[in-house]
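The sequence lines fix the lettering, A, B, ..., with proteins before strands; numbering per chain opens at 1.
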Number of protein chains: 2
Amino acid sequence: MSAPASIEEFRNRLADLSEGLPKRLRQCADYIAANTDRIAVSTVAELAAGADVPPSALMRFCQIIGFSGFSEMQRLFREAYSPGWPDYSTRLRNLKDNGAGSPAALLAEFVEAGRLSLEQLAKSADEAALSQAVAQLAGAGTLHVVGLRRAYPVASYLTYVFEKMQVPAMLHDGAGKLDHRHAMRPGDACIAITFAPYSDETLALAGDAQARGLPVIGITDRLTSPLAKLSSPVLTVPEVDFGAFRSLSATLALSIALAVAVGSARG
Amino acid sequence: MSAPASIEEFRNRLADLSEGLPKRLRQCADYIAANTDRIAVSTVAELAAGADVPPSALMRFCQIIGFSGFSEMQRLFREAYSPGWPDYSTRLRNLKDNGAGSPAALLAEFVEAGRLSLEQLAKSADEAALSQAVAQLAGAGTLHVVGLRRAYPVASYLTYVFEKMQVPAMLHDGAGKLDHRHAMRPGDACIAITFAPYSDETLALAGDAQARGLPVIGITDRLTSPLAKLSSPVLTVPEVDFGAFRSLSATLALSIALAVAVGSARG
DNA sequence: CTGATTTTGGAATTTTTATTCCAAACCCGC
DNA sequence: GCGGGTTTGGAATAAAAATTCCAAAATCAG
């Protein structure tokens, strides 16, 4: 078998082979696939250490891919090496230059929106409210998570993280129009997520929880949101929209941080 | 004189010295100034040949700049290039060990992880694959979206965006263990999302779609993913994990861009 | 033009890096 | 468990690269 002549070909061969490879060689394949950009500037020993295999395994890997050895593989990547792209902002401009509305340009816009959202979140996060929320949730029984439409991905991820951290949590997703409001028992807590235009169902559930005396943690877009009135601490997320859709980056970051903090606090 | 600690410092020193240097050393300085980007991936002999000087001249040049030798200079450029992927699992452990696992600190880490993921996505996104994916989806009938566990939020958001853009789409979420694979009809297309450890159900559905001749668009974490083989274009997302959880920022940005592009292409 | 000083080229040496090879460990079907 | 083939780790070897050193060439001041 002859050596791949281009990086494209290399990637294909990597994808073809990766299955049906024994343990160590698969480790190599995975690490290389995830760190292709380091090949040009690393030694066998460095890459092998990264993949957590002995150097000889990496050599074997190179040969299986079709190269005569590591050096030949490295040559391919060194020749193609152009460090023009470690620069995020120029790359973004390049993507946008594909013309407005092109997939690449759209991607650039959403990446930027996400980044801006995260930056603003870092600046504006209310640490006191966050700590208070963690304290309330850490002391509660079952956590009831509700979020619909665009907030639904956040609600479902929150529930996933709670489950992984062995925190009892329940997702109120309205499936089958089944209503689970009576699952909320004294000692439980509620996390409600909604953004303008605010979802009635979410507000209703949050209101119900409040009426039963459960703590309600709200995650929403502004302090004037109807959810704010129902929540004991309300967490606001400054999400930047692009077009009609939001990136959710900041909301997710806040939510996961909340969940992990609660999970560790509960031990 | 000590070695430059940054590329900035290196450039300054180069500018300072370049005047008043004898012929051969000036050749070195000129060539290096014009080809700084090759330093990381070249040998002494190669650079010397490029500058049209003997290797020993280049060695002298490195020492005059302040390095102990060529290797030290090269290290500077290799390290500066490699994006320095932070090791989040150890950082998380440190956070906990120091008792500094405050919610605010966690939030900062997740924000940072999200930012890095987005930047990395911008740098590494495969525009050709993205365009191809958009073209395939734009020409298809119903779009079948599948993603479970941590990929579920992405799948559900994708479906939400498609619905908003009036693109017929169906979310295969395994609710009620109902299997909807026969809903996939000729002319449809499938979008499958999974990350390591890959979900069997997702792979099964993608495989089924492929077997029926539907185009499969895969969104996954690496090229060696089992999903790659099942997808006609596969889109890889370099998501940074923080602890056991990923921010999903990059995955969502890519997905929304894909959905919006498909939505507009379908008009 | 001469002698002192700097600069230069390349061969010799040292260090690092890649590569091979083989015995031990591991799997898998029986 | 037992014998087949595979896979693995590491020590030994080969290759390549970096680095040093010194004699020859060039430069320059007087």
Side-chain angles (χ1 to χ4, degrees), chain A residues 1-4 10 13-14 16-32 35-36 38-79 81, chain B residues 1-4 10 14 16-32 35-79 81-82 224:
Chain A
M1 190 196 274
S2 70
F10 169 85
R13 206 165 296 187
L14 193 59
D16 286 351
L17 278 147
S18 64
E19 214 157 349
L21 232 44
K23 183 160 165 245
R24 286 286 113 101
L25 290 176
R26 162 167 280 274
Q27 272 174 258
C28 292
D30 284 352
Y31 184 79
I32 291 292
N35 300 281
T36 337
R38 311 263 282 249
I39 297 176
V41 294
S42 303
T43 65
V44 174
E46 284 163 1
L47 290 175
D52 198 27
V53 299
S56 49
L58 206 100
M59 289 302 301
R60 260 192 298 272
F61 170 76
C62 297
Q63 287 161 357
I64 284 175
I65 291 277
F67 297 102
S68 71
F70 174 74
S71 300
E72 198 177 280
M73 178 170 100
Q74 191 173 55
R75 184 159 47 247
L76 176 66
F77 287 90
R78 286 193 167 175
E79 276 160 14
Y81 168 94
Chain B
M1 189 196 278
S2 70
F10 170 85
L14 193 60
D16 287 352
L17 275 119
S18 65
E19 224 153 335
L21 234 42
K23 186 167 163 231
R24 287 285 113 106
L25 291 176
R26 162 170 281 272
Q27 274 174 257
C28 292
D30 287 350
Y31 183 79
I32 290 293
N35 301 280
T36 329
D37 53 333
R38 301 304 306 175
I39 296 176
V41 293
S42 303
T43 65
V44 174
E46 284 164 2
L47 289 175
D52 198 28
V53 298
S56 49
L58 206 100
M59 289 302 301
R60 261 192 296 274
F61 170 77
C62 296
Q63 287 161 353
I64 284 175
I65 292 277
F67 297 102
S68 72
F70 175 75
S71 299
E72 199 177 281
M73 179 168 99
Q74 191 173 54
R75 185 158 47 245
L76 175 66
F77 287 90
R78 287 188 169 175
E79 277 163 13
Y81 163 68
S82 69
T224 54

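What separates CE of A/Met73 from C1' of C/dA18 is a distance of 12 Å, to the nearest Å. Between A/Glu46 atom CD and C/dA18 atom P there is a gap of 8 Å when expressed in whole angstrom units. Remark: P of C/dT20 and CZ of A/Phe61 are 16 Å apart, rounded to the nearest angstrom. At whole-Å resolution of the value, CZ in A/Phe67 and P in C/dA18 are 15 Å apart. As rounded to whole Å, 14 Å separates atom C1' of C/dT15 from atom CD of B/Gln74. Whole-Å rounding puts the A/Arg75 CZ to C/dA18 P distance at 13 Å.
To the nearest 0.5 angstrom, B/Leu25 atom CG is 9.0 Å from B/Leu58 atom CG. Summarising the geometry, atom CD1 belonging to A/Ile64 is positioned 11.5 Å from atom CG belonging to A/Leu14; distances are rounded to the nearest 0.5 Å.
The aromatic rings of A/Phe67 and A/Phe10 lie tilted to each other, with the angle between the two planes from 30° to 60°.
Heavy-atom nearest nucleotides on DNA chain C were determined for B/Pro55 and for B/Pro22, and the one closer to the 5' end corresponds to B/Pro22.
Looking at heavy-atom distances under 4.0 Å, A/Ser56 makes contact with a base. Residue A/Gln63 is in sugar-phosphate contact alone, with no base atom involved, counting any heavy-atom pair closer than 4.0 Å across all strands shown.
The two residues B/Cys28 and B/Ala51 come nearest to each other via the heavy atoms CA-CB, 4.4 Å. Of all heavy-atom pairs spanning B/Leu47 and B/Arg38, the tightest one is CD2-CB, 4.4 Å.
Checking side-chain atoms of A/Arg24 against main-chain N and O of A/Phe61 turns up no donor-acceptor pair under 3.5 Å. Distance alone, capped at 3.5 Å, places no donor-acceptor pair between the A/Gln74 side chain and the A/Val44 backbone.
Read 5' to 3', the first and last nucleotides of DNA chain D with an atom closer than 4.0 Å to a heavy atom of chain A are D/dT7 to D/dG10.
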Next on the checklist: Using a 4.0 Å heavy-atom cut-off to protein, can you give one letter per nucleotide of nucleotides 24-30 of chain C, 5' to 3': B if the base is in contact, S if only the sugar-phosphate is, - if neither?
Outcome noted: -------
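By the 4.5 Å heavy-atom criterion applied to side chains, B/Thr36 and B/Phe77 are counted as neighbours.
Between the side chains of A/Arg60 and A/Gln63, no donor-acceptor pair is found at a separation under 3.5 Å.
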